[in-house]
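Taking it in order: structure first as structure tokens, then the write-up.
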Amino acid sequence: MGTHNINFSEQFEFTGKVKTLSIVGIVIGIAAVLFGFLAGDKVMHERTFANLLLMAYYFACVCMSGTFFLAVQYVAQAGWSASILRVPQAMAKTLPIAAVILVVVISAGLYTHNLYHHWHADGLTDPKSANYDSIIAGKSVFLNVPFFLGRQVVFLGIYSIFSIMFVKFSYNEDLAGGLNSYRKSFKNACIFLVIYGFTTPIFAFDTVMSLEAHWFSTMFGWYNFAAMWVSSLATIAIILILLRRAGYMQWVNNSHLHNLGQFIFGFSIFWTYVWFAQFLLIYYANMPEETVYFYKRFEYYKFWFFLNLAMNFLAPVLLLMDRDNKRTDAKLLFVSIVVLLGHWVDYYQMIMPGAVEEGHNGFGIIEIGTAIGFVGLFTFTVLTSLSKKPLIAKNHPLLQESLHHQL
């Protein structure tokens, strides 16, 4: 596509069926949550909170990784992605909303004792109590409500500030041109990547691993990082492909899709590497305090355990191994959807065993409805953000390289 044919003022119009469906999805999600809280007992309440945590965490992680995508492109001074940055920027701009929702869910779960009851229950740190737990008492300096919530607010707040900064610099670049905004983006991306690298494992330890506070794995943070990163890449690919099909962003070519397909392919293997390394070390050592994690998943979640591997390893590796599949929008779209669903399964079997009483897990209206609700919320917020500015960063210094990108 010649650059003379590109409309540098092209904007996405968020109207019609997509907007209606996103609102319907949100309503379905609210109804499912109300059903869980009003129609059930304590077990149903725990299950509802677990699903809220799952989807709020997933929502935040995808948006966080959108910011991470921007930072990586700036630090690498990558040219191929310059024409598609508005999509991860829309995801990054949505992060403050996702962060607030996650903090509210966690706070409500702690207040009602429906989440994190393994370490947040009466008497666990009191030596005189019948519920005293020496392991939890030893971790109480780190796992206490004020410090726990403080870390959540600080981490998510920092990520949100950088997200807004990257978006603002890009918009300023559209108005003023020159290299000033790009240089600011580069410098702040360097700072952000250092902070992100050190804090995301702790964020994963807090939000997910502490649901089973006796168990720990030093690889858990990177396992979660791989999951959130590949999910974000799949989301970017889906949005780009659907925008192209709707007649927008016609400058995006098969080479851009190829790059995204390579990333999804490569980081799906990386996710499997970290997952299997964690599993193998625990299996080989055979220590009771470690094997309890996988025992629960074999005993009560065996189907989800193996489905997780099939969707997040076998599907992307086998389907994206071929070069042509990475460059074909229909095939890349299918794999990206499978990966997104696969990492829902991944988070499901991470969170449910620690949040819901053994033997009371389930899959039904609450799980499906809550997921639909958050998909609707993500669609509504991200596409609303995307519609506010032109779909191309017209003054990005590497834009021409992206417009002529060929592999």
Side-chain angles (χ1 to χ4, degrees), residues 18-65 91 94-95 97-117 152 156 204 207-208 211 224 227-228 231-232 234-235 238 297 300-301 303-304 307-308 311-312 337-357 360-383:
V18 177
K19 190 169 189 176
T20 302
L21 288 175
S22 66
I23 295 171
V24 170
I26 294 170
V27 172
I28 291 172
I30 293 171
V33 171
L34 289 176
F35 171 79
F37 285 139
L38 299 177
D41 53 12
K42 179 175 172 53
V43 173
M44 286 287 280
H45 293 170
E46 287 183 351
R47 189 171 144 195
T48 304
F49 263 108
N51 278 281
L52 283 170
L53 178 64
L54 189 163
M55 290 309 303
Y57 181 66
Y58 202 171
F59 184 17
C61 285
V62 169
C63 294
M64 283 163 48
S65 296
M91 293 159 59
T94 306
L95 177 57
I97 298 171
V100 170
I101 292 171
L102 179 58
V103 171
V104 168
V105 168
I106 290 172
S107 300
L110 285 167
Y111 179 76
T112 60
H113 292 274
N114 283 304
L115 288 174
Y116 305 105
H117 40 357
Q152 292 284 336
L156 290 168
T207 313
V208 180
L211 288 166
N224 270 256
M228 67 176 75
S231 299
S232 183
T235 303
I238 290 170
R297 284 146 184 84
Y300 302 107
Y301 298 84
F303 169 76
W304 301 102
L307 182 64
N308 184 28
M311 297 181 76
N312 293 318
I337 292 171
V338 170
V339 167
L340 274 185
L341 292 174
H343 283 290
W344 181 91
V345 172
D346 189 24
Y347 288 132
Y348 179 84
Q349 59 88 42
M350 273 191 226
I351 290 171
M352 287 295 168
V356 180
E357 290 183 22
H360 292 283
N361 57 297
F363 181 80
I365 293 173
I366 297 174
E367 286 72 24
I368 296 170
T370 307
I372 290 173
F374 272 90
V375 170
L377 180 61
F378 177 85
T379 302
F380 186 86
T381 52
V382 170
L383 293 188

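For reference, positions follow the sequence shown, starting with 1.
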Least distance between heavy atoms, Phe59 atom then Leu377 atom
CE2-CD2, 3.7 Å
Return the orientation label for the Tyr348 and Trp344 ring planes: parallel under 30°, perpendicular over 60°, tilted otherwise.
parallel
Apply side-chain hydrogen bond (donor to acceptor under 3.5 Å, both in side chains) to Tyr301 and Asn308, showing your working.
CA-CA 11 Å; Tyr301 298 84; Asn308 184 28; over 6 Å; no
Evaluate the criterion side-chain contact (heavy atoms from CB on, under 4.5 Å) for residue pair Asn224 and Tyr57; output intermediate values, then yes/no.
CA-CA 11 Å; Asn224 270 256; Tyr57 181 66; 2.8 Å; yes
Using 0.5 Å steps for rounding, measure from the OG1 atom of Thr370 to the CD1 atom of Ile30.
11.0 Å
Do Met350 and Leu54 come close enough that some side-chain heavy atom pair is under 4.5 Å?
no
Using modelled atom types and a 3.5 Å cut-off, is there a donor and acceptor pairing between side-chain atoms of Tyr58 and backbone atoms of Leu340?
yes
Approximate separation, where rounding is to 0.5 Å, of Ile106 CD1 and Leu52 CG:
11.5 Å
Work out which heavy atom in Ala60 is nearest to a heavy atom in Leu95; give both atom names and the distance.
O-CD1, 3.7 Å
Check: Met91 and Thr235 side chains under 4.5 Å, non-hydrogen atoms:
yes
Going by heavy atoms in the side chains, are Leu115 and Leu110 under 4.5 Å from each other?
no
So SG of Cys63 and CG of Leu156: to nearest 0.5 Å the spacing works out to 11.0 Å
For the student: nearest non-hydrogen atoms of Ala227 and Ser231, plus distance:
O-OG, 2.7 Å
So, the side chain of Ser232 versus the backbone of Met228: is there a donor-acceptor pair under 3.5 Å, distance only?
no
Could you pull out the closest heavy-atom pair between Asn312 and Gly342, with the gap in Å?
ND2-O, 2.9 Å
Hey, could you give me the CD1/CG distance between Ile26 and Leu21, rounded to the nearest 0.5 Å?
11.5 Å
Taking Ser65 for the side chain and Val62 for the main chain, is one N or O donor matched with an acceptor at less than 3.5 Å?
no
Should Asn114 and Phe37 count as side-chain neighbours, where that means a heavy-atom distance under 4.5 Å?
no
Does a side-chain heavy-atom distance below 4.5 Å link Ile366 with Val33?
no
Does any N or O in the side chain of Tyr116 come within less than 3.5 Å of the main-chain N or O of Thr207, such that one atom is a donor and the other an acceptor?
yes
Closest heavy-atom contact between Ile351 and Ala50?
CG2-O, 3.9 Å
Approximate separation, where rounding is to 0.5 Å, of Ile372 CD1 and Thr379 OG1:
11.5 Å
Would you compute the distance between atom CD1 of Ile23 and atom CD1 of Ile28 and round it to the nearest 0.5 angstrom?
12.5 Å
Quick one: does Arg297's side chain have a donor or acceptor within less than 3.5 Å of a partner on Pro353's backbone?
no
Keeping the roles fixed (side chain from Arg47, backbone from Met352), state whether a donor-acceptor pair exists under 3.5 Å.
no
Side chains of Tyr347 and Met55, heavy atoms from C-beta outward: is any pair under 4.5 Å?
no
Under 6.0 Å from the OH atom of Tyr111, do we count more than 12 heavy atoms belonging to anything else shown?
no
